[in-house]
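Sequence lines set the chain letters: A, B, ... in the order given, protein chains first and strands last, and positions in each chain run from 1.
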There are 2 protein chains.
Amino acid sequence: MIPVETCEPFFNYMRKFVEPDTDTMQLIADHTSEVTLPEKHLLLLEGNPCDKIYFIVSGLGRSYYTDFSGKTITWNFYFNTPESISKNLFATDYRAFLQNNPSSIAIETLTEVNALLFTKTQVNYLIEKSLIYERWMRKLNESAFMNMYDRAFTLLTMAAADRYQKLVKEESHLLQMFSNYYIASYLGIAPQSLSRIRSQH
Amino acid sequence: MIPVETCEPFFNYMRKFVEPDTDTMQLIADHTSEVTLPEKHLLLLEGNPCDKIYFIVSGLGRSYYTDFSGKTITWNFYFNTPESISKNLFATDYRAFLQNNPSSIAIETLTEVNALLFTKTQVNYLIEKSLIYERWMRKLNESAFMNMYDRAFTLLTMAAADRYQKLVKEESHLLQMFSNYYIASYLGIAPQSLSRIRSQH
DNA sequence: CAATTCCCTTCACATTTGCGAATAAATATA
DNA sequence: TATATTTATTCGCAAATGTGAAGGGAATTG
């Protein structure tokens, strides 16, 4: 339950797919909350249930999987810029959220983060009450699907150097925002290998 | 426009997510068609637009990407068994379908295939006319998302041998249905490497 | 300002995986 | 049945990638 104006960044994003009417906007404002998270805060722990979605308003976040040896593998980055699509706006383990499974990733803030928080109960209520919201969710799911399709297809069909070149072309803002250490595992390679690829043009 | 009874395999699958009412079932039967495709038929060519979805009723299919050297990399398998979830039932390049992009994969039949054919126009019409259908599509998109999430996460975080063990555990029916040559590239490895992994238990 | 931490790079070496060729078994075809 | 074709395996070597160690520079901290 927050003022409608506070949700404006969220409505702006919704408008990429559907135009929310006044009732829907009010309904959303009534069923979310505003949170400020400090730097280096853990939003979600590996293995824990995930019943929340954070819509990033400002700040940086990162999710990661911890492998058998204790190394972390970056799964995704979270931030809100004009370029960013759904891929980077919603900090959650959406698969765990949908299936009520233990989360396979942890999510941490890298800076102070301002976000809108939606619980699973709130999301389900919004889908139930607003056709516009349900339609938007369908399109959001399509968008999330396409991002994952691209990720899987890239990992399956492209070599490490080509995956890096693709990132330079399509997500070069990530290079300015996050360390190469994080970028490397996001691409599925070791930091030293990324360094090697970068030095060979 | 086909008899409602003919759509029964499709309704059966829908029931995993929603219960279609009589009107929706009639609407679907009125906006699809039944096709039989011969063995080794190409449903979709790489680079072509994808404006169709085939719901597999019987038979086997396979999609693949052709890399720079001419080798094919298996993207997915298509068939209809009691175990199969959405992952294997819909033969289409769903990303290209949604975005009106050139298709990144080709799809071929490996045996004679019986399928229900939905054009993009028909799908959009069904979404427009039936709330049940739109709700089902939202859940189908969720399911497609989760399958892609799993594919990307597996490719990013697991080594080749572990990916094979995961397939043995979770999709062992694929081993009975498709050649190791296809399975190997589906796992992102060379056929000889799969052979090596299998020989080491 | 000095000390520390973090990030990036490079090197040498180990491991994994890819690739071409050869072979044999299984299957399909004539 | 005889002959192709496909499929699976193995081998040796090449290429790609991972790993640990070392060092330098930038940024942060006291």
Side-chain angles (χ1 to χ4, degrees), chain A residues 38-40 59-62 64-74 77 108-112 154-168 172-201, chain B residues 38-41 59-62 64-74 77 108-112 152 154-168 172-201:
Chain A
E39 187 180 349
K40 289 176 189 171
L60 304 180
R62 166 194 174 243
Y64 57 87
Y65 167 79
T66 307
D67 74 7
F68 64 97
S69 74
K71 277 199 302 291
T72 66
I73 299 173
T74 300
F77 300 109
E108 65 180 5
T109 61
L110 300 175
T111 65
E112 184 176 283
T154 300
L155 287 167
L156 187 68
T157 64
M158 294 173 78
D162 297 331
R163 297 203 295 273
Y164 174 68
Q165 293 304 337
K166 178 173 152 72
L167 182 129
V168 169
S172 61
H173 51 283
L174 294 181
L175 297 166
Q176 271 87 56
M177 300 170 85
F178 302 95
S179 76
N180 286 338
Y181 181 80
Y182 291 161
I183 300 275
S185 62
Y186 177 72
L187 290 170
I189 55 182
Q192 298 96 324
S193 297
L194 178 56
S195 216
R196 179 158 37 194
I197 288 166
R198 285 160 60 88
S199 73
Q200 292 162 6
H201 260 206
Chain B
E39 188 180 350
K40 290 178 187 167
H41 176 77
L60 305 179
R62 167 193 174 239
Y64 58 88
Y65 165 79
T66 307
D67 74 7
F68 65 95
S69 73
K71 276 199 303 293
T72 66
I73 299 173
T74 300
F77 300 107
E108 63 179 7
T109 61
L110 300 175
T111 64
E112 183 176 283
T154 299
L155 286 167
L156 187 68
T157 64
M158 294 173 78
D162 297 331
R163 297 204 297 274
Y164 174 69
Q165 292 304 336
K166 178 173 152 72
L167 181 129
V168 169
S172 60
H173 51 285
L174 294 182
L175 296 167
Q176 272 87 56
M177 300 170 83
F178 302 96
S179 76
N180 286 338
Y181 181 82
Y182 291 161
I183 300 275
S185 62
Y186 177 72
L187 290 170
I189 56 182
Q192 299 97 322
S193 297
L194 178 56
S195 218
R196 180 157 39 196
I197 289 166
R198 284 160 61 87
S199 73
Q200 292 162 7
H201 261 205

For B:L187 and B:L155, the nearest pair of non-hydrogen atoms, with its separation, is O-CD2, 4.0 Å
Just to verify, what does B:T74 make a side chain to side chain contact (heavy atoms under 4.5 Å, CB included) with, not counting sequence neighbours? B:R62, B:F77, B:Y182, B:S185, B:Y186
Inter-residue atom distance A:R198.CZ - A:L175.CG, 0.5 Å rounding: 6.5 Å
Shortest non-hydrogen contact from B:N180 toward B:L194: O-CD2, 3.5 Å
Looking at every strand, decide which applies to A:I189 at a 4.0 Å heavy-atom threshold: base, sugar-phosphate, or nothing. sugar-phosphate
Looking at every non-hydrogen atom in both residues, tell me the closest pair between B:S199 and B:R196 and how far apart they are. OG-O, 2.8 Å
Which pair of heavy atoms, one from B:M158 and one from B:R163, lies closest together, and at what distance? O-NH1, 2.8 Å
Mind listing the closest non-hydrogen atom pair of A:Y181 and A:P191 along with its distance? CD1-CG, 3.6 Å
State whether the side chain of A:T111 and the backbone N or O of A:G59 hold a donor-acceptor pair below 3.5 Å, judged by distance alone. no
When rounded to whole Å, the CG to C1' distance for the pair A:L155 and D:dT17 reads 15 Å
Any chance you could lay out the side chain to side chain contact (heavy atoms under 4.5 Å, CB included) test for A:F178 and A:L110, step after step, and finish with the verdict? CA-CA 9 Å; A:F178 302 95; A:L110 300 175; 3.5 Å; yes
For every nucleotide of nucleotides 19-30 of chain D, 5' to 3': is a protein heavy atom under 4.0 Å from its base (B), only from its sugar-phosphate (S), or from neither (-)? BB----------
Work out how much the helix from C:dC1-D:dG30 to C:dA30-D:dT1 bends between its end axes, five pairs an end, to the nearest 10 degrees. 40°
Residues of residues 176-186 of chain A with any non-hydrogen atom less than 4.0 angstrom from an atom of DNA chain C: list those, numerically ordered, please. A:S179, A:N180, A:Y181
When rounded to the nearest 0.5 angstrom, what is the spacing between CD in B:E108 and CD in B:E39? 10.0 Å
Where chain B begins and ends its contact with DNA chain C, read 5' to 3' at 4.0 Å from heavy atoms: C:dT17 to C:dG20
Mind running side chain to side chain contact (heavy atoms under 4.5 Å, CB included) on A:I197 and A:I189 for me, showing each step along the way? CA-CA 10 Å; A:I197 288 166; A:I189 55 182; 3.9 Å; yes
Expressed as a whole number of angstroms, how long is the span from B:Q200:CD to D:dA8:P? 18 Å
Please work out if A:A160 contacts a base, only the sugar-phosphate, or nothing of the nucleic acid, heavy-atom cut-off 4.0 Å. sugar-phosphate
Using side-chain hydrogen bond (donor to acceptor under 3.5 Å, both in side chains) as the criterion, list what pairs up with B:T157, not counting sequence neighbours. none
So, the side chain of A:T66 versus the backbone of A:T72: is there a donor-acceptor pair under 3.5 Å, distance only? no
Atom pair distance, as rounded to whole Å: CZ in B:R198 and C1' in D:dT9: 10 Å
